[in-house]
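Residue numbering restarts at 1 for every chain, and letters A, B, ... go by the order of the sequence lines.
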Protein chains: 2
Amino acid sequence: MQISRKADYALRAVTILATLPPDKTMQAQELGELGKIPIKFLEQILLVLKRASILLSKRGVGGGYKLGKEARLISVADVIEAVDGDLVRFIDVSDYPAYPGGNGVRQFLMDAESVINSKLEDTSVEDLVRNDSGDALLGYGI
Amino acid sequence: MQISRKADYALRAVTILATLPPDKTMQAQELGELGKIPIKFLEQILLVLKRASILLSKRGVGGGYKLGKEARLISVADVIEAVDGDLVRFIDVSDYPAYPGGNGVRQFLMDAESVINSKLEDTSVEDLVRNDSGDALLGYGI
DNA sequence: ATAATTCCCGATTGATACAGTCAAGAATTC
DNA sequence: GAATTCTTGACTGTATCAATCGGGAATTAT
């Protein structure tokens, strides 16, 4: 089981934008280069993130993207959910068959799902940037 | 992100077998019916579980499957790993690119991965059966 | 022996989702 | 009005998933 590339790329883009000084924007092109993300694929992702109000965009010369709200208000779950449509859903709880031991399995899968989703929901993009070991901002001469 | 059907089916089969009295076997046919698992698909899965020493099999009349070791010694991770080849690996740690904030993202993804994997590793099939709310054994008249 | 049973195994298939590309349109700035 | 940048939809190749199919090998019963 893996995280989708889309979700990884989205996290990269949002995190990079979170390291920008407020009110600065960054263009898709540069985001793609910094984050090692195929540009046309990234454009799709940025668009989705914008529709989810996670990002704001500005067109034309000097345009680009920036966070749509404070980094502490954007959870990792928000980002993944925006691009992938759902978080971790191990099983369809409403439609799990009955069998010997099945209640135990279902309960466990729900628990495990909850453990990981809580972690995704409780971690903000600000947390990610804060826990960066330090060379994140070097590129901006800060 | 979902658990694979294969992993779900494998958990069902192993859990059902864990509710059997020791030394009893159950045939693939009946396992499939109880667990609502397509029989030919189940056969593949049982074979893999056997190769992983999670199950033992016996051929011919009166044959079938049973656990290859005590239920408390089989972790959920063992079962998933046997059929899916890996557990949760959010990212390839060794090959994650550098970008502003990237260390924070990588660290978070590794943490999240570790949280879920620990849960899978620390839960045994015996735990699953023990937490079953009770009608697991009804089918056997116990 | 031989037939019945049950597990064992490889090949194949159809559908779906993933990851990414392509071509062009709309808004903004200079 | 020309250049820039985001916006959008359509399209494509690849891989993985979720099975299915057909038969082969071991074991037991008669």
Between atom [atom1] in [X] and atom [atom2] in [N], what is the gap in whole Å?
X        : N       : atom1 : atom2 : answer
Leu31(A) : dT7(D)  : CG    : C1'   : 16 Å
Leu56(A) : dC6(D)  : CG    : P     : 13 Å
Leu42(B) : dT20(D) : CG    : P     : 11 Å
Gln29(B) : dA4(C)  : CD    : C1'   : 15 Å
Lys66(B) : dC7(C)  : NZ    : P     : 14 Å
Ile45(A) : dT7(D)  : CD1   : C1'   : 15 Å
Arg51(A) : dT7(D)  : CZ    : P     : 9 Å
Leu55(B) : dC8(C)  : CG    : C1'   : 14 Å

Exercise for the section: Find out if a path of hydrophobic residues (ILVMFWY) with successive side-chain heavy-atom gaps under 4.5 Å connects Val115(A) to Ile91(A). Expected result: no
Problem - Shared hydrophobic cluster, Leu47(A) / Leu42(A) (ILVMFWY, side-chain heavy atoms < 4.5 Å) - result: no
Exercise for the section: First locate atom CG of Leu56(B), then atom NZ of Lys66(B), and finally report the distance between them rounded to the nearest 0.5 Å. Expected result: 6.0 Å
Problem - Side-chain donor or acceptor of Asp132(A) paired with backbone N/O of Val129(A) under 3.5 Å - result: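 Here the side-chain-to-backbone pair does not exist.
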Handout entry: Ser75(A) backbone acceptor or donor facing Asp78(A) side chain under 3.5 Å
Key =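 Looks like yes, one N/O pair under 3.5 Å.
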Handout entry: Heavy-atom check, side chain of Ile80(B) versus side chain of Met1(A), under 4.5 Å
Key = no
Practice task
Can you check each nucleotide of nucleotides 19-24 of chain C against protein heavy atoms at under 4.0 Å and return B for base, S for sugar-phosphate only, - for none, in 5' to 3' order?
Solution key: SBBBBB
Completion exercise
5' to 3', nucleotides 24-30 of chain D under a 4.0 Å protein heavy-atom cut-off (B base, S sugar-phosphate only, - none) gives -BSBS--
Practice task
May I ask you to decide whether Arg5(B) forms a salt bridge with Asp8(B), counting only side-chain N to carboxylate O separations under 4.0 Å?
Solution key: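 No salt bridge links Arg5(B) with Asp8(B).
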Practice task
Would you please confirm or rule out a distance under 4.0 Å between OP1 or OP2 of dT6(C) and any side-chain N or O of Ser57(B)?
Solution key: no
Problem - Full working for side chain to side chain contact (heavy atoms under 4.5 Å, CB included) between Asn131(A) and Phe108(B) - result: CA-CA 8 Å; Asn131(A) 287 342; Phe108(B) 168 75; over 6 Å; no
Completion exercise
Residues Thr25(B) and Gly62(B): closest non-hydrogen pair is OG1-O, 3.8 Å
